Amino acid sequence: ITSSKWLRGNLHTHTTRSDGSQDPGDVVTMYADAGYDFLAMTDHDIWTTPDELSELPSGDMLLLSGNEITRAGSHVVHVQADALVNPHWDRQQVINDINRGEGFAIVAHPNFKEFNHCPLESLFAWSGYVGIEIYNGVVSRGTGGPYATIHWDRLLSSGRRVWGYAHDDFHDAGAGDLG
């Protein structure tokens, strides 16, 4: 490779379609204006379809369909979704459902709330997810902790090969969520 280019993106974004404070068009415009190269719309338990994305003012920014599966358990972000994945208390079932279609699964904010939103034991028990959020911007202003690097380190040290993701988890521009 003679040259390379870093791309800036966010794969965990919310709008007024769930619990975000800005409508989808405004969120896309804010990210495009901030110089992002790609953005996934992952409202809670709501699938943002490719057709819906095509109506948004993205300019040169790539928009990815998605959904954050939240009801009934630890949160799982479905990126480049081709269908709504319904919540199921067994998150392995959710990950399996994601993997039957298009896209991929990322375990969201393991240290959200009381530092135990997604226990390490679950991360070891589940298979088929591509990574975990090792940083979550919204958690930095709430309860719990924004970093989950210790979880990632333990997974990697045991031989598991998963990616580490740092996401804005955008909910509110006024709160500084756009990173």
Side-chain angles (χ1 to χ4, degrees), residues 1-70 74-87 94-110 112 128-141 146-149 152 161-179:
I1 298 176
T2 57
S3 67
S4 60
K5 178 183 177 188
W6 283 94
L7 299 176
R8 184 177 185 198
N10 184 45
L11 299 177
H12 191 167
T13 310
H14 302 283
T15 72
T16 52
R17 294 187 69 213
S18 64
D19 63 343
S21 63
Q22 280 80 28
D23 69 49
D26 289 342
V27 171
V28 168
T29 298
M30 285 186 280
Y31 274 89
D33 289 348
Y36 279 66
D37 298 296
F38 60 92
L39 181 68
M41 296 298 231
T42 56
D43 281 303
H44 295 280
D45 300 310
I46 297 170
W47 176 41
T48 303
T49 69
D51 287 342
E52 291 167 327
L53 292 175
S54 70
E55 298 174 9
L56 299 174
S58 62
D60 292 333
M61 184 173 59
L62 175 64
L63 295 180
L64 303 167
S65 59
N67 149 33
E68 182 180 0
I69 298 95
T70 58
S74 298
H75 297 186
V76 178
V77 176
H78 183 187
V79 178
Q80 195 56 15
D82 63 336
L84 177 67
V85 171
N86 290 311
V94 167
I95 294 166
N96 292 345
D97 290 347
I98 289 170
N99 289 332
R100 273 193 269 287
E102 297 293 321
F104 55 93
I106 300 169
V107 177
H109 41 65
F112 183 49
Y129 59 94
V130 300
I132 67 170
E133 283 184 342
I134 59 171
Y135 176 79
N136 182 287
V138 165
V139 176
S140 69
R141 63 179 168 84
Y147 296 100
T149 52
W152 193 36
R161 295 296 171 238
V162 295
W163 291 96
Y165 293 86
H167 292 146
D168 296 345
D169 192 1
F170 181 90
H171 284 80
D172 183 4
D177 288 354
L178 195 147

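Just so we're clear, the structure is a prediction, and the values are computed from it rather than from any experiment. Numbers here are sequence positions counted from 1.
Residues Trp152 and Ile132 come closest through the heavy atom pair N-CD1, 3.8 Å. The shortest non-hydrogen separation linking Leu84 to Asp45 is CD1-O, 3.9 Å. Of all heavy-atom pairs between Gln22 and Phe170, the closest is OE1-CZ, 3.4 Å. Taking every heavy atom of both residues into account, Pro57 and Thr29 meet most closely at CG-OG1, 3.5 Å. Ala40 and Leu11 get closest at one heavy-atom pair: CB-CA, 3.7 Å. Across all their heavy atoms, Ile95 and Tyr129 have their closest contact at CG2-N, 3.8 Å.
Looking at Ser18, its side chain never comes within 3.5 Å of a backbone N or O of Asp43 through a donor-acceptor pair. Distance alone, capped at 3.5 Å, places no donor-acceptor pair between the Arg141 side chain and the Asp177 backbone. A donor-acceptor contact shorter than 3.5 Å links the side chain of Asp37 to the backbone of Arg8. The main-chain N or O of His171 is found under 3.5 Å from a side-chain atom of Ser21 such that the two form a donor-acceptor pair. In terms of modelled atom types and a separation under 3.5 Å, the side chain of Asn99 and the main chain of Gly128 share a donor-acceptor contact. Between the Glu133 side chain and the His109 main chain, a donor and an acceptor come within less than 3.5 Å of each other.
You'll find the side chain of Met41 reaches within 4.5 Å of the side chain of Leu56, heavy atoms only. Tyr31 places none of its side-chain heavy atoms less than 4.5 Å from the side chain of Ser58. Annotation: side chain of Pro87 is in contact with side chain of Ile69 (closest heavy-atom distance under 4.5 Å). Phe112 places none of its side-chain heavy atoms less than 4.5 Å from the side chain of Asn136. Counting heavy atoms from C-beta on, the side chains of Val94 and His78 never come closer than 4.5 Å.
Of the inter-residue distances, the one linking Glu68 atom CD with His14 atom NE2 reads 4.0 Å to the nearest 0.5 angstrom. Atoms CG and CD, from Leu63 and Glu52 in turn, are 12.0 Å apart once rounded to the nearest 0.5 Å.
Side chains of His12 and Asp168: a donor-acceptor N/O pair is absent below 3.5 angstrom, by distance only. Between Thr16 and Asp23, the side chains place no donor N or O within less than 3.5 Å of an acceptor N or O (distance only, hydrogens not considered).
Of the residues listed (Thr13, Thr42, Val77, Ile106), the one engaging His167 in a side-chain contact (heavy atoms from CB on, under 4.5 Å) is Ile106, and it is the only one.
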Handout entry: Chi angles and distances behind the side chain to side chain contact (heavy atoms under 4.5 Å, CB included) call for Ser74, Val107
Key = CA-CA 8 Å; Ser74 298; Val107 177; 5.5 Å; no
